[in-house]
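Please read the structure below before turning to the comments.
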Amino acid sequence: MQGLARRLLRSAPIAALSALAVSGSGLMSGVAAAQSGPVSPTPAAGTPALGTTGSTEQIRQLVSCGGTMFAVGTFTSISGSNGTFTRNNIFSFSATAPYAVTSWQPTVNGTVNSIQLTSDCHHAFIGGQFSQVDGSSADNIAYIRTYNNTMVQNWAHSANGQVDTILRTPNNHLLVGGKFTAINGSSKQYYVSLNLNTGKDDGYVNLNISGHYVYQGVGPNTTEVYNQQLSPDGGHILVEGTFTRVESTPRQQIFMLNLGNHGNVSIWYSNEFNQFCADKHPFYIKSAAWSPDGSEVYIADTGFAPFNWNKTFPLTGLCDAVAAFPATRVGGLSHDWVNYTGCDSLYSVAADSTTVYIGGHERWANNKNGCNNQGQGGIPAPGLGGFTAGASGGTLRENSSGTAGLYSRDRGEGADDILRTSAGIWIASDNEAGSQMCGGVSGHAGICFLPYT
């Protein structure tokens with residue numbers, strides 16, 4: 001997930017599972033999948049928030065395990081219903097009211113991008129851009145105890161580049177993606193499967209991911225596996241990033257991985273993913289989500305506008321839009337629908353059976369006739385949006401007067417993650433420029449929970 005954390009790191013010298021009904025272990029929750037929605041536009045009161053530190057801080061990812069929520073990102077202070085606490089880039093809190101912050105406080109000296117829990121919730125795998133955990137050396141990946149603040153020293157903990165995303169599969173592999181070219185003694189680049197007990201390469205995936213995006217005026221970009229999402233049946237994974245070949249197969253922006261005896265690339269694909277967006281946004285499919293029945297794939301995109309856009313409307317392509325595609329395992333797919341923000345980025349997406357939820361720093365929806373302005377037909381939908389789900393969906397859910405979208409939040413840098421659980425959706429964001437509003441209610445800097453009613 002590209003977010004503020006990584007943007008800050010680049011300007012200063014961003015797996016995550018977004019957008020799925022998942023437990024902290026990375027496995028689909030059947031209870032969550034059964035919920036229909038849509039969620040309430042009014043946030044639950046009392047959830048933790050980023051503290052006021054005078055700096056822009058961010059929650060990068062939220063996961064749930066055993067009645068506890070775990071949050072990671074770039075932050076130093078958390079304000080909860082039970083007080084204000086120093087927390088360094090990782091903390092936990094109760095998943096139910098009053099959402100009290102727990103005493104767990106491992107110290108990580110850099111950004112944590114992704115977290116996954118073991119099935120018993122007693123340990124966590126974390127990845128990001130850091131060099132120490134609890135005072136011990138750990139390069140960008142670690143295995144830590146959730147019943148105290150310590151790292152498991154005999155689990156391998158060295159990646160030579162940032163880790164962006166971690167996912168535990170139903171067949172007990174830990175799939176790790178990022179910018180690394182070596183990890184825990186393996187020379188696998190960008191994407192690797194690690195043994196849950198040792199942290200060593202278990203050989204489950206050998207995808208030989210390579211390439212980056214090359215076109216006139218394109219900004220710097222390097223090979224990277226950025227985000228991933230497990231299917232409802234546990235048999236497939238969507239993977240987003242910067243690449244042009246996966247397992248010798250042409251792929252750009254996103255591919256589907258089959259989980260069998262070994263992980264291999266699915267034939268699922270659309271040539272629409274080969275289209276370029278503006279030169280400053282070579283990688284633009286930041287997140288994806290499955291429909292609960294596994295029939296649709298929803299994507300959330302940055303990109304501004306198509307490459308060499310001639311400034312005419314309506315907009316075309318996938319840039320700065322939410323879109324739906326069939327999940328059918330065939331090539332040559334076409335989108336079922338696209339809804340444009342009008343040149344504002346989207347970073348996260350989640351879905352239940354009725355609604356596709358998207359987060360970013362967007363101002364509008366239905367805005368195919370505008371770019372950085374509200375075009376004809378555009379409707380205000382700042383920071384958060386909901387659209388009817390399914391192949392024939394894509395209609396914005398509006399407020400009772402039809403003057404704006406049903407959902408809203410302070411735009412800030414953008415909502416970097418949305419987690420759907422059986423209770424509702426959790427939105428991870430930041431406090432840029434004092435951002436703290438969600439659904440018109442203050443006090444939700446970094447975390448907002450919209451419950452099912």
Side-chain angles (χ1 to χ4, degrees), residues 19 37-43 277 284 286-287 289 296 298-306 309 311-325 335-416 418 420 424-425 427 429 433 435-442 444 448 450 453:
V39 298
S40 169
T42 303
C277 290
Y284 59 86
K286 299 295 185 179
S287 184
E296 287 288 304
Y298 307 108
I299 61 173
D301 304 344
T302 64
F304 187 72
W309 178 48
K311 306 295 192 297
T312 61
F313 298 98
L315 292 167
T316 61
L318 301 175
C319 311
D320 277 358
V322 54
F325 286 82
H335 67 261
D336 288 324
W337 54 263
V338 180
N339 196 299
Y340 296 94
T341 65
C343 303
D344 284 338
S345 292
L346 301 178
Y347 299 119
S348 54
V349 58
D352 56 33
S353 61
T354 69
T355 306
V356 180
Y357 307 96
I358 54 95
H361 64 198
E362 75 277 17
R363 290 165 284 184
W364 306 284
N366 295 356
N367 205 27
K368 65 182 179 181
N369 294 309
C371 181
N372 280 327
N373 68 288
Q374 184 177 351
Q376 182 180 3
I379 297 178
L384 189 67
F387 302 83
T388 54
S392 59
T395 300
L396 178 69
R397 294 197 178 279
E398 300 176 2
N399 63 13
S400 57
S401 61
T403 58
L406 179 62
Y407 304 105
S408 66
R409 49 168 291 279
D410 275 350
R411 296 170 63 217
E413 289 285 343
D416 225 32
I418 302 177
R420 185 174 69 88
I425 65 169
I427 302 113
S429 61
S435 298
Q436 62 162 324
M437 303 288 287
C438 184
V441 180
S442 63
H444 297 278
C448 178
L450 301 180
T453 56

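For reference, positions follow the sequence shown, starting with 1. These numbers come from a predicted model, not from an experiment.
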Legend entry - Donor-acceptor contact present, side-chain Ser435 to main-chain Asp410, <3.5 Å: no

Legend entry - Pairwise side-chain contact, Arg420 with Thr355, heavy-atom cut-off 4.5 Å (strictly under): no

Legend entry - Test item: Asn369 side-chain N/O and Gln376 main-chain N/O as donor-acceptor pair under 3.5 Å: yes

Legend entry - Atom of His444, atom of Cys438 and distance for their closest heavy-atom approach: CB-CB, 4.0 Å

Inset, instruction - Measure the spacing between CG of Leu318 and OH of Tyr340 and express it to the nearest 0.5 Å. - result: 6.5 Å

Inset, instruction - Determine the minimum heavy-atom distance between Thr453 and Ser40, stating which atoms define it. - result: CG2-CB, 3.5 Å

Legend entry - Sub-4.5 Å side-chain heavy-atom contact between Arg363 and Thr341: no

Legend entry - Residue pair Pro306 / Thr316, side-chain heavy-atom distance below 4.5 Å: yes

Inset, instruction - Decide yes or no for Leu450 and Tyr357: does some side-chain heavy atom of the first lie under 4.5 Å from some side-chain heavy atom of the second? - result: no

Legend entry - Shortest non-hydrogen contact from Gly383 toward Ala415: O-CB, 4.5 Å

Inset, instruction - Mind checking the CD1-OG1 spacing from Ile379 to Thr403? Nearest 0.5 Å is all I need. - result: 8.5 Å

Legend entry - CD on Glu362 to CG on Leu384, rounded to 0.5 Å: 7.0 Å

Inset, instruction - Look at the rings of Trp337 and Tyr298 and say which category their plane angle falls in: under 30° parallel, 30 to 60° tilted, over 60° perpendicular. - result: tilted

Inset, instruction - Work out which heavy atom in His335 is nearest to a heavy atom in Phe325; give both atom names and the distance. - result: N-CE2, 3.4 Å

Inset, instruction - Please examine the side chains of Tyr284 and Lys286, heavy atoms only from C-beta on, and report whether any two atoms are closer than 4.5 Å. - result: no

Legend entry - Nearest-0.5 Å distance that lies between atom OG in Ser287 and atom CD1 in Ile299: 10.0 Å

Inset, instruction - Supply the atom-to-atom distance Cys343 SG to Asn367 CG, rounded to the nearest 0.5 angstrom. - result: 8.0 Å

Inset, instruction - Compare all side-chain heavy atoms of Leu346 with those of Asp320 and state whether any distance is below 4.5 angstrom. - result: no

Inset, instruction - Provide the closest heavy-atom pair for Val338 versus Ala323 in the form atom of the first, atom of the second, distance. - result: CG2-CB, 3.9 Å

Inset, instruction - Supply the atom-to-atom distance Trp364 CH2 to Asn339 CG, rounded to the nearest 0.5 angstrom. - result: 14.0 Å

Inset, instruction - Return the minimal non-hydrogen interatomic distance between Phe387 and Val322, and the atom names on each side. - result: CE1-CG1, 3.9 Å

Inset, instruction - For residues Phe304 and Cys319, determine if any side-chain heavy atom of one lies less than 4.5 Å from a side-chain heavy atom of the other. - result: no

Inset, instruction - Apply the side chain to side chain contact (heavy atoms under 4.5 Å, CB included) test between Arg409 and each candidate in Pro43, Ser429, Cys448, Pro382; give the one that qualifies. - result: Ser429

